[in-house]
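Structure record follows, encoded as structure tokens.
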Amino acid sequence: MNRAIAPALIIHGGAGVRGPAEERPARQRAMLEAADRARSVLVSGGSALDAVCAATVTMEDSPLFNAGYGSALNSDGEVEMDASLMVLPFACDSNRLDGAGATTIGAGAVAGVRRIRNPILAARAVMTETPHVLIIGAAAERLASRCGLALCRPEELITDRARARWKTYMGRTPEHGTVGAVALDTNGQLAAATSTGGITGKMAGRVGDSAIVGAGTYADRIGAASATGFGEAIMKTTLCREVVRMLSRTAPSRAAAMGIKMLEVMAGGEAGIIVVDRRGRIGYAHNAQAMDIATFTPAEGLRHYHL
Ligand code: GLY
């Protein structure tokens, strides 16, 4: 491990209604497993990008979160998923439309996808394999397939749990369980990733903040952030970008709290945010009933919090 920069990681399993108490131990185990996969990447000198993808894929594969397998259902009772990631510094010629030289900012996103088991990997493919940032629907699924990612029938992503929650919560409250991860690696790279099935009962075709760089996901040279909660409020306030910009003058914990306050005042609604700065300091805040997070730093090891 490079001793100059200590790695840091924080992941969330969504902010929203407090899930059933009997699910909590399993959710805690799943989050610690996700954080541990990212930890392994970071302590072996791997990139923040690989770390946030490892954590996010693990949560997408779990039926306990609203992302990938187990995604919330829209008003038609179908799955439509969004995901995005951002990384910096990141050398990538393909992110320039004119191909004339590299950029140090990497960003990729997919929206409204129905057949991709791990939407965050499709977002990564948009970043690395195209000159674009956001690809939607069937075209994103074709790209994912071309890149060797697993496709499935949309029904294969629907769990009994998601159907039950659709009946209970449709149109009433944000689903608990969008997932996200942010990390700093030993080389100083910062990355953020977010993946979701969106809000239970959302209008078909609705795209939320988790697909929108700057809103649900953001990274720049001073920090990285991932949001969860009511996507419309997060988009209206470009929550993640606002919070990361605050890091130039305030600590991550305070920036996160100020960002959630700003969202509440300006747009209303429930949200949560996780953030890490370039010094490896971690912050988080939410104004929902509950939010699950897990963290890793070399000093404190792996931790889980049900907030
Ligand atoms: N934050 C997830 C969504 O609103 O779609």
Side-chain angles (χ1 to χ4, degrees), residues 11-17 19 52 56 59-60 64-68 70-86 109-114 116 119-120 122-123 134 136-137 140 157 162 165-166 169-182 192-218 225-243 256 259-260 262-264 266-275 284-293 307:
I11 68 173
H12 69 73
V17 293
V52 296
T56 306
M59 291 187 282
E60 286 177 337
L64 296 170
F65 302 98
N66 172 14
S71 283
L73 308 182
N74 69 13
S75 55
D76 295 342
E78 292 175 347
V79 164
E80 284 184 319
M81 302 169 290
D82 302 332
S84 61
L85 52 77
M86 194 160 179
V110 293
V113 296
R114 305 182 60 221
I116 302 176
I120 199 64
L134 172 59
I136 63 167
L157 298 173
R165 290 168 83 83
W166 182 66
Y169 292 120
M170 187 162 132
R172 282 204 298 151
T173 184
E175 173 65 286
H176 184 88
T178 290
V179 305
V182 299
T194 313
S195 181
T196 192
I199 293 176
T200 298
K202 66 186 180 182
M203 188 174 160
R206 176 263 192 188
V207 173
D209 62 294
S210 303
I212 307 299
V213 161
T217 303
Y218 189 69
S226 167
T228 164
F230 185 48
E232 279 65 16
I234 296 168
M235 287 188 281
K236 286 174 185 171
T237 55
T238 56
L239 180 65
C240 283
R241 186 168 193 276
E242 287 295 318
V243 168
I260 294 298
M262 177 219 37
L263 172 136
E264 213 171 84
M266 288 179 62
E270 292 180 346
I273 190 162
I274 56 172
V275 53
Y284 50 84
H286 75 94
N287 66 350
Q289 272 181 27
M291 180 163 87
D292 274 327
I293 61 164
L307 305 170

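Numbering of residues begins at 1 and proceeds along the displayed sequence. When a ligand or atom number is given, it counts from 1 through the structure's own listing order.
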**Prompt:** Tell me, which protein residue and heavy-atom name are nearest atom 3 (C) of ligand 1, and how many Å apart are they?
**Reply:** D209 OD1, 3.3 Å
**Message:** Counting C-beta onward and ignoring hydrogens, is there a side-chain heavy-atom pair between S226 and V182 closer than 4.5 Å?
**Reply:** yes
**Request:** Assess whether side-chain contact (heavy atoms from CB on, under 4.5 Å) is satisfied between M291 and Y284, documenting all intermediate values.
**Result:** CA-CA 10 Å; M291 180 163 87; Y284 50 84; 4.3 Å; yes
**Item:** ligand 1 contacted by G216 (non-hydrogen, < 4.0 Å)
**Value:** no
**Prompt:** Would one find an N or O of G208, backbone or side chain, under 3.5 Å from an N or O of ligand 1?
**Reply:** no
**Asked** Would one find an N or O of I234, backbone or side chain, under 3.5 Å from an N or O of ligand 1?
**Response** no
**Asked** What atoms of ligand 1 come closer than 4.0 angstrom to any heavy atom of T178?
**Response** 2 (C)
**Prompt:** Roughly how far, to the nearest 0.5 Å, is the CD1 atom of I293 from the OG1 atom of T228?
**Reply:** 12.5 Å
**Asked** Do you know the tightest heavy-atom contact between M59 and F65?
**Response** O-CD1, 3.6 Å
**Fill in**
Within 4.0 Å of some non-hydrogen atom of I199, the atoms of ligand 1 are 4 (O)
**Contact atoms of ligand 1, heavy-atom distance to S210 under 4.0 Å** = 1 (N), 2 (C)
**Prompt:** Taking all non-hydrogen atoms of both residues, which atom of A83 and which atom of A123 are closest, and how far apart?
**Reply:** O-CB, 3.9 Å
**Item:** For G229, the ligand 1 atoms whose distance to one of its heavy atoms is below 4.0 Å
**Value:** 1 (N), 2 (C), 3 (C), 4 (O)
**Request:** From the options D82, T196, T194, select the one residue that forms a side chain to side chain donor-acceptor pair (under 3.5 Å) with T178.
**Result:** T196
**Prompt:** Does A256 have any side-chain contact (heavy atoms from CB on, under 4.5 Å) partners at least two apart in sequence or in another chain, and if so, which?
**Reply:** I273, V275, A285
**Message:** How far is atom 5 (O) of ligand 1 from the closest protein heavy atom, and which atom is that?
**Reply:** R206 NH1, 2.7 Å
